[in-house]
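Below you'll find the structure, written out as structure tokens, and then a few comments.
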Amino acid sequence: MRFTQASTKYGIPKGTLYDNILGKTKRMMVLEEAGLNSNEETAVLEFCCDISVSPYNRRTKKSLNAILNFVEKLRRKRDPGFLFSGLSGFRWWWAFCKKHSIVSLYFNDENENDQ
């Protein structure tokens, strides 16, 4: 369920949901924890969005699972032990979306091929 859907269904402000799940302070610090360099961030954008067509208000064409797997593969080239755990992957994706103006996420499809 998306934040907006949960907010409407349960009558909880969307900001409150973000704060409780992601933490109120230093939400963007998770980007540093993942440690992607600028080339890797560009590779992630190219993987999940059509950045040449829509440089602003980007929309993803990949599931969150596929994106996190892609990021883990990138990071493991430098750090073989890198792995998102628990909510860390979701937190990273939320901050990455804010940083790069990504406005929507393709929902998981069981038939999707996670390259």
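Throughout, residue positions are numbered sequentially from 1 according to the sequence presented. A quick note: this is a predicted structure, and the numbers were derived from the prediction, not measured.
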In the structure I gave you, are the side-chain heavy atoms of L31 and L36 within less than 4.5 Å of one another anywhere? no

Indicate yes or no: at least one non-hydrogen side-chain atom of C48 is less than 4.5 angstrom from one of W93. yes

Looking only at atom types and distance, does a side-chain atom of T42 sit under 3.5 Å from a main-chain N or O of S38, one as donor and one as acceptor? yes

Using modelled atom types only, decide if a donor and an acceptor are shared between the side chain of R75 and the backbone of L83 within a distance under 3.5 Å. no

Can you tell me how far the [atom1] atom of [X] sits from the [atom2] atom of [Y], to the nearest 0.5 Å?
{"X": "D79", "Y": "L74", "atom1": "CG", "atom2": "CG", "value": "12.5 Å"}
{"X": "L68", "Y": "S63", "atom1": "CG", "atom2": "OG", "value": "8.5 Å"}
{"X": "F70", "Y": "N65", "atom1": "CZ", "atom2": "CG", "value": "14.0 Å"}
{"X": "I67", "Y": "C49", "atom1": "CD1", "atom2": "SG", "value": "7.0 Å"}

Salt bridge E41-K99, side-chain N to carboxylate O under 4.0 Å: yes

Regarding E40 and K77, does a basic nitrogen lie under 4.0 Å from an acidic carboxylate oxygen? no

Could you walk me through whether I102 and W94 pass side chain to side chain contact (heavy atoms under 4.5 Å, CB included), step by step? CA-CA 9 Å; I102 298 172; W94 183 89; over 6 Å; no

Lys NZ or Arg CZ of K62 over F47 ring: under 6.0 Å, within 45°: yes

Show the nearest heavy-atom pair for residues A34 and F82, with the distance to one decimal. O-CE1, 3.9 Å

Which heavy-atom pair separates I12 from S7 by the least distance, and what is that distance? O-OG, 2.5 Å

Verify the ring-centre separation between W92 and F96: is it less than 6.0 angstrom? yes

